[in-house]
Amino acid sequence: MKIILNGREEVLEEGMTVAGLVALKGVNPDAVIVEYNYSLVKKEDWAGITLKENDRLEILRFVGGG
């Protein structure tokens, strides 16, 4: 299945959830926000969202600085 992740096409296994994708990418779930098909989703909802063909995700990391 193909999705668009952070503007790039990516091929994933069927049945992948948002939580699974975040884990697969090895990012700290406490340091990111996820936009799923142009809507922000709460972290507690990630496990219940199964990705589908042509979904669009943005995984955005918090960056500190001054």
Side-chain angles (χ1 to χ4, degrees):
M1 150 184 77
K2 293 179 187 174
I3 67 165
I4 304 298
L5 175 62
N6 292 348
R8 295 184 178 184
E9 187 174 287
E10 181 137 350
V11 177
L12 301 174
E13 294 179 21
E14 295 287 333
M16 176 74 70
T17 64
V18 172
L21 179 60
V22 169
L24 179 70
K25 294 300 177 183
V27 296
N28 179 352
D30 293 327
V32 295
I33 59 172
V34 174
E35 185 183 281
Y36 171 68
N37 291 333
Y38 307 107
S39 297
L40 290 176
V41 290
K42 296 178 184 175
K43 185 168 55 175
E44 55 265 22
D45 295 333
W46 294 355
I49 299 172
T50 302
L51 299 173
K52 300 177 296 297
E53 185 81 20
N54 298 318
D55 277 347
R56 300 183 76 85
L57 277 100
E58 297 286 333
I59 298 176
L60 306 169
R61 296 179 191 200
F62 298 115
V63 177

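Because the structure is predicted, anything quoted here is derived from the model rather than measured.
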Under 3.5 Å, sequence neighbours excluded: what are the donor-acceptor pairs made by side chains of residues 19-34?
residue : atom : partner : partner atom : Å
Lys25   : NZ   : Glu10   : OE1          : 3.4
Lys25   : NZ   : Glu10   : OE2          : 2.4
Asn28   : OD1  : Asp30   : N            : 2.8
Asp30   : OD1  : Lys43   : NZ           : 2.2

About how many Å separate [atom2] of [Y] and [atom1] of [X], when rounded to the nearest 0.5 Å?
X     : Y     : atom1 : atom2 : result
Leu51 : Tyr36 : CG    : OH    : 6.0 Å
Leu60 : Glu35 : CG    : CD    : 7.0 Å
Lys52 : Leu12 : NZ    : CG    : 13.0 Å
Ile3  : Leu57 : CD1   : CG    : 5.0 Å
Ile4  : Glu9  : CD1   : CD    : 5.0 Å

Original post:
Are Met1 and Val18 joined in one hydrophobic group, where the rule is that I, L, V, M, F, W and Y side chains link up if heavy atoms are under 4.5 Å apart?
Top reply: yes
Subject >> Same cluster (ILVMFWY, side-chain, under 4.5 Å), Phe62 and Leu40 >> reply: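 They do share one cluster, since a chain of ILVMFWY contacts under 4.5 Å joins Phe62 to Leu40.
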**OP:** For Glu44, look at atom CD and say whether over 12 heavy atoms of other residues, nucleotides or ligands are found less than 6.0 Å away.
**Re:**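 Buried by this count: over 12 neighbours within 6.0 Å.
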Original post:
Backbone N or O of Asp55 within a donor-acceptor pair of the Asn37 side chain at under 3.5 Å?
Top reply: no
